[in-house]
Amino acid sequence: MSLIFSNPFFLYLLPVATLPIILHLISRGKPIKLFFPSIRFIKLGKVPSHEKRTLTDLLLLFLRILLLLALVLFFAEPKIKNDAQQLERSKCVIIIDTSISAYHQNYFATISEKLKTEVNQLNNQSDFYIINSAHKIINTLKTKNKSDIFNFISKLTPSHISPNHRQALQEASTFIGQSKGTLIMASLFDTSGFEQLNNINLKIGTEVKYVNADISRSNINILGAQFTKNDSDINTVRLTAKLLNEGLTDFKGDLKLSFSGKTESKPIQLMPNQTGTIVFNVDIPPNSNIALSIENDGFTPDNVYYCKSPQTPVVDFLLIKPSKPQNSEAIFIEETLRISNINMTQINFQAVNHDQFNASLPKPPHYIMLSACADLLTSEQLITIRDWHKLGTHLIITPSEEYRKCFSVLSNSGIITQTAISKFNKGISSGPVFFNNINETSPYTNIFTKNGVNDFISIPIHQYIRLFHLKNTEILLTTENDDPILLLNRLGSGTSFVFTISLDPTWSDLPLTSIFLPLIRQLINISFQNNAQKSQEYVLPGIYVKTTPNDSIYFLNNEQKNIPEKELGKLIELESPGIYQLSSQTYIVNNSRKHSKPDILSAFEFKNAILTQNNKNTLDEGSNPENDSLKNYLLYLILLLIFLEIFFHSENKNRKREVLA
Amino acid sequence: MTENSLENLLKPSTLAAIKDLEILAKTVISGYFTGLHRSTYKGSGIEFVQYRNYTQGDDFKYIDWKTTGKSDKFYIKVFEEETNMDCQLILDFSGSMNYDNPNSNEKFAAVSKIKYTQMAAACLAYLAFKQGDRLGVTIFSDKIEAYATPSKRKEHLNQIFALLENTKAHGSGINENITRFIGENLNNRGVVFFISDCLSGEDRIVNLLSSLKFKNYDCVLIHLLHYDEVHFPFQNSHMFIDNETNSSISTNPETIKEEYQKEVTQFVDNLKNECLAKEIEYLQVTTNNVLEKILLQFLSSSRKAFR
């Protein structure tokens, strides 16, 4: 019988027990000798005997040391290990996996050699039971001689069937019985087909060993690829790959990117269960077939992930302009915005002619400016714009000369709620009207209050459109006649800004003034902030996320899903792969397990299960009655010592008080 | 020099630095009494000192009629008084008077009892000399260490200073032989200053002084205790050893301080009451008290004696 400790590192704290002695020595020291003539007055008083006090102090000191020792031992968790149990552990079962996987390349030879080494270390007095297992028990041998085991191993032949060791494990369990034996499982992987270990009933304390071929068990799962804008070339994109090491060992290798006959590779190094991100700084043309691949070990097939780059690059701001080149207004706006974009906003800007516009963009742009061409759009184009607008695309609309038609089609398609009544044309001879009122509460127009009132008052307007508009329209700017110049509509998540003036210089001087660009930028920036891109997270299926009250609607692969009101704030399970767009976060659920064989993920889970089982064994061993009582005794001792310490301490104090009284 | 700084200068701890007792005595006396007192008593002696105006209550026989006739004012002739009084200093130089605490951090506990006794005795001797009294000194430990018969000569004073400086404190203290010796040798009337810590044989001391009272001595017992003996300022564990008997007690002083101080107070009160009962003047001083207390007592006692 011997004493072992579950947490032996706590024993390093044993010197702490000397702390009371050190403190005692420091605080007390030797009494100071002093020749004192008035000693008779000390004698007359009731002097607490130094010796007596020293005795009490020593007792307290002893108690404190004991208390500290007991605490250290309590945390170190001592256990009584019965040597008789060791002797009892004389039954050994060896299960040898001879399924097809075990004979891959020359791995079985490696396994055999390692198994022999392991058997040599076993106690000679053991009863051995060798089981040749593939899909079922094929052959067995019970022996007390180790050489018989080696002969048995050398005669083994492969089976061509998948492994299933349930029967073998049950046999092993029966053989070991209640005697705490040793179970050795030999296979290519330490996990191959031994999952059933969890389902058999082994005596607590049975030693479980694995003998395997030490082949790499790393497995990199490519969770997905994300395309990002290319700042230097808006016509191409760049790729960011997200990876997870689902294997059991560290992985060091290369991630290969192949597209349009080009190959690029990047080194990666991931620890088990670690996620990594690899950014490829290569320009990938739109609509390219892309393959991301990782070479795994010789046994596991390569992991390949296929995807396609977006058909067109991601566009943040789309200017739809009339195809007629003579439209100087649109050309002016395009050029102005291009300069503005480069210098300031850093957004992906694209301009298309009205007849080229279609719904082919992979993602709706954040902003569309309909520049004097609404009247030229087809109903299909208008419907696309309206749908995007509803989902969050913001619109800036300026009418053309055909202003009635412009307002009519936009109103009929539901994009705006205004219709044109007439054109106000004061004429150059009678003088223009001017901006008069700003909606100062609107963040879109605070640019005017920043730049000074005179800037816009001096802008002459010669022509504008008088509108019939609904009450829910917000007016941002008006003329001195109180007619709206800039209106704001909302539809779904989108916002539209409608000018009642064409940006042609014959209508007003606005596009030529210093106000125009800041105003447009203000409209764009604020809408961008409102529509800030939500963060994305790659997750595996089956995770639960908490919803918020804003998540009554969420999107799964752009399909709207409803959460009942009573379910809000609770957890929802992201069960199937796809893109879950919640109010605060986008989750990309990707399951690429189909790419890898054998099923390493479940193997990983199995490994965890084995580890848990081992821990359980340790814990169970700790919970045997003897060890439990030892722990309890320590606890009682600590409590007793604390009580005694308090008692003697107060006793000591009381004595001093009595003396003084 | 301000009063405060003078006071500081005359603190026992400061005076202890003055090695020469004569200088020390002069310093103290001049410090306290310059301009306040005349050094000798004037009265109806033999040696003429001065004239002064007649004041109500003066004896007519001292009026100098010659001068009065010349000036139309009454003048009194003042003579230096011939007292023929003894000023006896009886000093305890037993071992307990040696007490000094080298570990003490107390700013007041700077001098030992023996040093304080030497300083006080020197001052008293000098003052007595200046008063024109005959000065006698008896120094004892467990035997008579020194005895100087009363005299008013200057050389005598110097001899007394030398005795004070050269005699070491030791031994157990007063005994029967000493009381007998003092009783036999002190026969003239006068004033006796007995300086002792009274830690041993206090009854014997009181009885001795009481017997001296019958010989027309005004007795003053100056009960000198060390600052530590009164205030017991010790901390941490101490082993107290009696330097007369070598018995020891180990204890934590903080736990017994209150009890100790009670005992000391009771002892002092008892001694005081006993002195009071036997008409002995009692003055309790500690080594941190300024010497003024003793000198004032001297003046008050000697005036009483001469009345």
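Predicted, not measured: the structure shown is a model, and the values here were computed from it. So that the names make sense, note that chain A is the first sequence line, chain B the second, and so on, each numbered from 1.
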Would you compute the distance between atom CZ of A:F35 and atom CG of B:N98 and round it to the nearest 0.5 angstrom? 11.5 Å

If I take atom OG from residue B:S200 and atom CZ from residue A:R40, how far apart are they, to the nearest 0.5 angstrom? 8.0 Å

With a sphere of 6.0 Å drawn around CD of B:E279, does it hold more than 12 non-hydrogen atoms of other residues, nucleotides or ligands? no

Is it true that, when you exclude B:Y147 itself, more than 12 heavy atoms of the residues, nucleotides or ligands shown sit nearer than 6.0 Å to its OH? yes

If you measure from OH on B:Y260 to OG on A:S38, what distance do you get to the nearest 0.5 Å? 3.5 Å

What is the distance from atom CD1 of A:I42 to atom CD of B:E263, rounded to the nearest 0.5 Å? 10.5 Å

Rounded to the nearest 0.5 Å, the CD1 atom of A:I39 sits from the CG atom of B:L199 at a distance of 11.5 Å

Chain A interface, residue from B:F234, B:F232, B:F240 that has the most non-hydrogen pairs under 4.5 Å: B:F240

Straight-line distance of A:F36 CZ to B:I241 CD1, nearest 0.5 Å: 12.5 Å

Any non-hydrogen side-chain atom of A:F41 less than 4.5 Å from a side-chain atom of B:T265? no

Would you indicate whether B:E176, at its atom CD, is surrounded by more than 12 heavy atoms from other residues, nucleotides or ligands within a distance under 6.0 Å? no

With a 6.0 Å cut-off (strictly less than), is the heavy-atom count around NZ of B:K272, excluding the residue itself, greater than 12? no

Only one of B:M97, B:H226, B:K113 passes side-chain contact (heavy atoms from CB on, under 4.5 Å) with A:P37; say which it is. B:K113

